[in-house]
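To start, the structure under review is shown below, and the notes come after it.
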Amino acid sequence: MAETERRRRRPGARVVTASLLARPARIDLGGRIVETWAYGDRIPGPALRAAVGDVLRVAVRNGLPQATSVHWHGLALRNDMDGVPGVTQDPIRPGASTTYEFALAHPGTYWFHPHVGTQLDRGLYAPLIVDDPQEPGRYDAEFTVVLDDWLDGTGRTPDGVLAQLRKGMPDMGGMDMGGGSMPGMQVARSDALGGDAGDVTYPLHLVNGRVATAPVTLSARAGQRVRLRIINAGGDTAYRVALGAHRLTVTHTDGFPVLPATVDALLVGMGERYDVVVTLGDGVFPLVAVAEGKGGQGMALVRTGSGRPPAARVHPVQLDGRLLRPDDLRAAEAVRLPRKTPGRSHDLFLGGNMATYQWTINGRTYDRSSPLPVGEGETVRLRFVNQTTMFHPMHVHGHTFQVRGLSGVDGPRKDTVIVRPDETVVADLVADNPGQWLTHCHNVYHAEAGMMARLSYQRAGTA
Ligand code: C2O
Ligand code: CU
């Protein structure tokens, strides 16, 4: 591990330092004030930014009444900095501090959040942008756009919702269901997601911490090419994203470049990131994120000129136009993994039981699972087989995998991929980052209810 880390550091690497304070906070979401947990006094928390080859050193203080950790989502970093209590570190106790320090191996759009309980579904999340000094940067301006489904402090908490789901009761947004349990009752559905669109009903949807009635404004000039780095930090919601009067050219997903693909709208699963480039027209345009299959939306305004802002419920036609399909994207040549017969394959059968609210991989919840062995240097094939009626954004820690399409073509490089009901997604990775790494559904309720497993590098000679 130390050896792998040494290879990532540029000689004479710059050390970028930052500090984070996780703590209870009162936050104004735009006329709506909530008590929640946040990094500092804002959501999203402070964006961290550095360049490839830099070392990031972040001092984290835990001012929460509960233990926490910070996971650096999508990064191929040293294993002991991955932020998973019980696997890569001890939890950071209330009142305690710790420092994360690691080299940044790949450029792109990443983010961070706790890896404890349902804390991610509060306000504990923020972007992490890794710049590439070599990148041509064919754009004039850029904005980070963080999407989030919100219920904390609205009379409910994420822990309360999970407790209710565990009783086999659907979450209807806090409405009294008369105490009767209705296992299997659907709260949302979407054709684009192939079935159930979520388990949880959220009263609010945020873009950069604001509700649609009090949106943030992203200001630029007409004619400018703008890069949007879109991050879904939601707990249980995929977002359909479109910009009124514009098409979106997708250039990266999960940090890694793709052959550019131009569409009207994108579906972004929890934990996924899409970078898009647009050439802006003149006026005020709604950047809308609809909670797919649930209704409700978040919005930001893109402003290049004068004009009245659109209403909070505006529905640009692009939302119903050409939606990015999973097989539209190909990894850029430079990041495509060479085709190799995998040295090892693991099938991950995704299962669930709504009556007991248990979500499983290969029939087991995480606490009963056995680790999936991996040998350093191998090409490892993961096959995510969805046997449930709901989509699962499956995430792998510490690696970016090559999605192999069903027809055998190469898709994008990703660390989080939506697996629809009855679908199998094949993901190949090169095992070049020794350690113990989680793979799990990025629906925070599914992960907490068991849909996690561990990839475990075997010591050399025992693989
Ligand atoms: Cu974004 Cu295991 O997490
Ligand atoms: Cu899931």
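What you see below is based on every heavy atom in this structure, not just the backbone, and it leaves out hydrogens, waters and symmetry mates. One-based numbering, in listed order, for ligands and for the atoms of each.
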Sub-6.0 Å ring centroid separation between Trp359 and His446: yes
Counting backbone and side chain alike, does His113 bring an N/O/S atom below 2.8 Å of atom 1 (Cu) of ligand 1? yes
Please tell me whether His397 and His399 form a close aromatic pair, meaning their ring centres lie under 6.0 Å apart. no
Minimum-distance atom from the Cu ion (ligand 2) among N, O or S atoms of His392: ND1
Quick one: report the N, O or S atom of His440 that is nearest to atom 2 (Cu) of ligand 1. NE2
Heavy-atom distance under 4.5 Å between the side chains of Leu259 and Arg336, does that happen here? yes
Given 3.5 Å as the limit, does a donor-acceptor pair link the side chain of Tyr110 with the main chain of Pro107, or not? yes
Below 30° counts as parallel, above 60° as perpendicular, anything between as tilted: where do the rings of His113 and His442 land? perpendicular
Answer yes or no as to whether an N/O/S atom of His115 is found below 2.8 Å from atom 1 (Cu) of ligand 1. no
Salt-bridge contact Arg273-Asp415 (side-chain N to carboxylate O under 4.0 Å): yes
With a cut-off of 2.8 Å, does any N, O or S atom of His73 fall short of it relative to atom 1 (Cu) of ligand 1? yes
Looking only at N, O or S atoms, which one in His446 sits nearest to the Cu ion (ligand 2)? ND1
Under 2.8 Å from atom 2 (Cu) of ligand 1, is there an N/O/S atom belonging to His71? no
